[in-house]
Amino acid sequence: AQALLSPFVVTVADSIGKPVSGVQVTFTVVSGGGTLSVGQTSTNAQGQASSTLTLGANAGANLVTASAGTLTGSPATFTATGAASSGATWTKTGPNWNSGVVVSPWPYFRGFNRLIYDPVLGRTLAAESENGNTIYSDSYWAYDSTAHSWIQKTTTGVSASCTLPAGTNPANHPANRHPYLELAYDTTRGQMYLFSGVCSGVIFSDMWAYQSASNSWSRLSPSTLPTGRTEGSMTYDAAHDVVVLYGGLAPYNPSTDTWHYAPGSNTWTQVNPSTTPGPYAGNSMVYDSVNKKVVLFGGYHNYNDPSVNETWLYDAGSQAWSNPSPSTAPPAANFPAMTFDSNRGLVILYVGPSQMWAYNVGTNQWRQLSVSGGPAPTDTGGNSCTQCLSLAYDAGTDKYILTSQDSSYYTATWELSAGNATISNPFDLNGDGIVNVLDVQLAIEQATGLQVCKTADFNGDGKCTLADVQMIINRVLGQ
């Protein structure tokens with residue numbers, strides 16, 4: 001009985017592939033007991049017609065057809081399967097203990113990093129520690145979500161807090177440091193990049209690449225490097241084959257610079273978009289491979305300022321930032337635990353126990369997920385610690401992997417089956433958990449132009465109209 005986050009879409013084109021508008025398309029539920037946002041509609045200027053399915057009340061497959069007379073390809077068939085679930089529950093998989101001793105191997109938690117899913121290895125990578133002598137990451141680990149276990153991959157071999165002399169690196173391995181969110185995975189070349197970081201106040205100005213296939217690090221030496229920084233974020237844009245870096249304390253104040261790293265030529269280039277998110281640090285970024293956009297969320301603008309819940313999009317092709325201003329957004333956070341679910345085309349954000357959100361770039365909508373459990377954004381002492389949470393999507397097992405600080409100072413590790421996390425009601429426009437006259441009023445304002453049409457396009461036709469208003473009225477009346 002959940003509405004799908006994205007509509008079913010068909011495209012009508014002529015013999016040379018040119019979109020045809022004004023063609024009537026009929027959407028029909030064939031089986032499964034679901035309902036559609038619209039039964040009949042016409043193609044728009046892009047030749048597209050769409051309808052959103054609300055799954056039937058019972059578990060099982062829902063079959064929908066879209067037909068347009070005798071046109072080639074008509075009818076098109078869509079399927080969606082509803083699972084019997086009231087939501088999903090986070091499961092803690094470790095650390096585990098035997099007679100007061102942790103079952104090895106298991107990393108010490110260090111925070112100030114991000115989880116990276118490595119599809120070559122089929123594991124999730126993390127920068128943690130092999131010993132309790134340093135608060136910084138001195139080794140890299142891989143998590144197996146099938147065996148629910150960690151394996152240490154590499155280490156600096158330095159047992160002291162920082163590598164000495166300060167700012168230097170051991171042979172063939174990045175030195176102990178907080179990497180923050182300045183880690184990115186290159187899906188084209190199968191390697192993870194590390195840029196900058198800090199250890200005991202010393203900021204690194206270096207860049208490294210890790211390949212799990214050979215389990216080795218190599219230091220990269222581009223002719224130009226961005227200013228070394230902390231609290232920045234970067235991600236790999238596969239469509240444009242660049243790593244995008246934005247934000248961070250460079251070295252002490254939130255920065256506004258946007259950088260591209262081109263792995264093919266091993267070069268960094270600073271780009272100058274006409275609009276930027278402004279000074280930023282503590283922000284998180286992921287790459288949406290469906291919409292070919294970098295998504296930025298959270299962080300803060302100025303030192304000692306509160307965190308923000310702004311959403312920004314970056315197009316590396318046009319080198320342009322934009323602020324889509326979604327009508328509903330998750331709570332503000334520094335170093336937000338965020339990842340991209342490549343199977344569902346959604347940006348996923350973990351906030352705290354029973355609080356997860358999904359962002360659809362195409363519809364510009366944040367929706368809360370129906371989940372329960374999970375760790376609080378606190379450290380062992382109970383202090384606020386959003387940098388203590390890291391999130392990744394394991395595409396191999398279709399699970400979300402989350403790490404936090406365990407009371408024992410080891411890395412608490414959590415799993416959630418992604419398929420069981422359901423989207424909250426799309427008619428809940430103000431995100432208060434219920435659908436009522438307040439949501440109807442928001443829909444009316446978007447349909448009449450008093451507000452920009454963003455979230456009230458329930459039938460997916462690209463417009464907010466009285467038809468959408470009628471749909472939400474019917475939902476409030478229980479029809």
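Just so we're clear, the structure is a prediction, and the values are computed from it rather than from any experiment. Note that the numbering runs from 1 along the sequence shown for the chain.
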*asked:* Run the ring pair (Phe, Tyr, Trp, His ring centres under 6.0 Å) test against Trp366 and tell me which residues pass, sequence neighbours left out.
replied: Phe297, Tyr359
*Qualifying disulfide bond (SG atoms under 2.5 Å apart) pairs with a residue from residues 263-328, counting only residues at least two apart or across chains*: none
*Should the ring pair Tyr410 and Tyr108 be called parallel, tilted or perpendicular, given that the plane angle runs from 0 to 90° and is split at 30 and 60?*
parallel
*Partners passing side-chain hydrogen bond (donor to acceptor under 3.5 Å, both in side chains) against Ser404 (at least two apart in sequence or in another chain)*: Trp414
_Using the side-chain hydrogen bond (donor to acceptor under 3.5 Å, both in side chains) criterion, which residues pair with Thr386? Sequence neighbours excluded._
none
*Parallel, tilted or perpendicular: which fits the ring planes of His301 and Tyr280, with parallel below 30° and perpendicular above 60°?*
tilted
*asked:* Can you tell me how far apart CE (Met192) and OG1 (Thr187) are? Round to the nearest 0.5 Å.
replied: 14.5 Å
_Assess the residue pair Glu415 and Ser145 against the criterion (side chain to side chain donor-acceptor pair (under 3.5 Å)); give the C-alpha distance rounded to whole Å, side-chain angles, the decisive distance to 0.1 Å, and a yes or no._
CA-CA 8 Å; Glu415 296 179 9; Ser145 63; 5.1 Å; no
*How would you list all residue pairs meeting disulfide bond (SG atoms under 2.5 Å apart) that involve residues 214-322, not counting sequence neighbours?*
none
*asked:* So, using side chain to side chain contact (heavy atoms under 4.5 Å, CB included) as the criterion, who are the partners of Ala166 when residues are at least two apart?
replied: Val202
*Can you name the residues that form a ring pair (Phe, Tyr, Trp, His ring centres under 6.0 Å) with His240, not counting sequence neighbours?*
none
*asked:* I'd like to check the side-chain hydrogen bond (donor to acceptor under 3.5 Å, both in side chains) partners of Asn253; sequence neighbours left out, ordered by chain and number.
replied: none
*Name all residues meeting the ring pair (Phe, Tyr, Trp, His ring centres under 6.0 Å) criterion together with Trp90; count only those two or more places apart in sequence or in a different chain, and write none if there are none.*
Tyr350
*Which residues satisfy the ring pair (Phe, Tyr, Trp, His ring centres under 6.0 Å) test with Tyr287, sequence neighbours excluded?*
none
_Parallel, tilted or perpendicular: ring planes of Tyr261 versus Tyr193, cut at 30 and 60 degrees_ = perpendicular
*State which residues pass side-chain hydrogen bond (donor to acceptor under 3.5 Å, both in side chains) with Ser390; sequence neighbours excluded, sorted by chain then number.*
Asn113
*Any pair with a residue in residues 109-196 that passes disulfide bond (SG atoms under 2.5 Å apart), sequence neighbours left out, goes on the list, sorted by first then second residue, please.*
Cys162-Cys199
